[in-house]
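Have a look at the structure below, then the notes.
Note that the coordinates shown come from a computational prediction; the quantities given were computed from them, not determined experimentally.
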Amino acid sequence: MTPQTVPDAVFHTRVRNPELEGDNPFEWKDVTSNEIFAGRRVVLFALPGAYTPACSESHLPGYERLHDDFWAQEVDEVICLSVNDAFVMYQWAKALGIQKVRMLPDGNGEFTRKMGMLVDRSATGMGMRSWRYSMLVEDRQIVQLFAEPGFGDNPPGVPVKVSGAETMLDYLRAAK
C-alpha cells in the first residue's frame with residue numbers, strides 16, 4: 001500500500017514581526033502544506049476546538065509535556081491543528097502556557113476537509129470541526145494515523161483514547 005500524501009492547503013497564520021510596535025506586533029503569513037511537511041518528519045495532532053475540555057486538559061498538554069521525547073525520536077516538529085482562527089489558537093496557547101508545540105490554525109477547515117476529517121458539531125453550536133486524530137508525516141507522506149473511534153457528525157463527545165501523545169510516542173519508539 002502506498003502511503004497517503006497530506007493534502008495541499010493554505011494556512012492563514014499570524015507571526016511576530018519585531019519591526020512592528022504596540023500591543024499587536026503580528027502580521028499575516030500564509031503557510032502551505034509543502035512548507036510545513038516537505039522534507040521533514042512531523043507529528044501533527046488535530047482536535048475539535050480550542051478551550052474545549054479534553055483538548056485543553058489532556059490532548060494539547062500531553063504533547064507539550066512530551067515534546068522533548070518526540071525530539072529524541074527525530075521528529076522535526078510537533079503541531080496542534082484545529083478548525084479555529086489564528087487569534088484563538090494564539091490566545092489558547094498563551095492561556096495554557098504552550099511554548100513548544102506549534103499551533104496551526106485551519107480556520108477555514110480546508111486541510112481538515114481534504115483529509116476527510118471534517119465533521120459537523122452544530123448540535124453543540126461548534127459548527128464544522130476536525131475529528132480528533134494524530135499522525136506521523138514524513139516528507140508529506142502519512143506514515144501512521146491514529147483516529148479516535150466513532151467518526152461521524154455530532155458525537156456526544158470525542159475522548160482522547162488513541163490520538164494522545166503517549167500512543168504516538170509508543171509507536172515511534174517501537175518503529176525504531
Looking at Arg121, is its backbone amide N or carbonyl O close enough to the side chain of Thr124 to form a donor-acceptor pair, meaning the two atoms are under 3.5 Å apart?
yes
Ring pair (Phe, Tyr, Trp, His ring centres under 6.0 Å) partners for Phe70, two or more places apart
Tyr63
Below 4.0 angstrom, N of the basic side chain to O of the carboxylate: do Arg129 and Asp120 qualify?
no
Glu148 vs Lys161, salt bridge (charged side-chain N to carboxylate O under 4.0 Å, His left out): CA-CA, chis, key distance, verdict:
CA-CA 7 Å; Glu148 294 298 337; Lys161 294 183 186 243; over 6 Å; no
Evaluate the salt bridge (charged side-chain N to carboxylate O under 4.0 Å, His left out) criterion for residues Glu35 and Arg40: first the C-alpha distance (whole Å), next the side-chain angles of each, then the deciding distance (0.1 Å), finally the verdict.
CA-CA 9 Å; Glu35 290 171 287; Arg40 305 177 73 221; over 6 Å; no
Quick one, Glu138 with Arg41, criterion salt bridge (charged side-chain N to carboxylate O under 4.0 Å, His left out). Give me CA distance, side-chain angles, the key distance, then yes/no.
CA-CA 4 Å; Glu138 294 179 358; Arg41 190 172 196 223; 2.8 Å; yes
Do the charged groups of Arg140 and Asp8 touch, with an N to O distance under 4.0 Å?
yes
Tightest non-hydrogen contact, residues Lys114 and Pro7, listed as CB-CB, 3.4 Å
Working for side-chain hydrogen bond (donor to acceptor under 3.5 Å, both in side chains), residues Trp92 and Ser82:
CA-CA 11 Å; Trp92 184 38; Ser82 183; over 6 Å; no
Under-4.0 Å salt bridge between Glu27 and Arg14
no
Is a side-chain N or O of Asp106 found less than 3.5 angstrom from the main chain of Thr112, in a donor-acceptor match?
yes
Given the rule in the ring-ring contact (aromatic ring centres under 6.0 Å, His included) test, do Phe146 and Trp131 qualify, once you have shown the distances and angles that lead to the verdict?
CA-CA 11 Å; Phe146 297 103; Trp131 190 253; over 10 Å; no
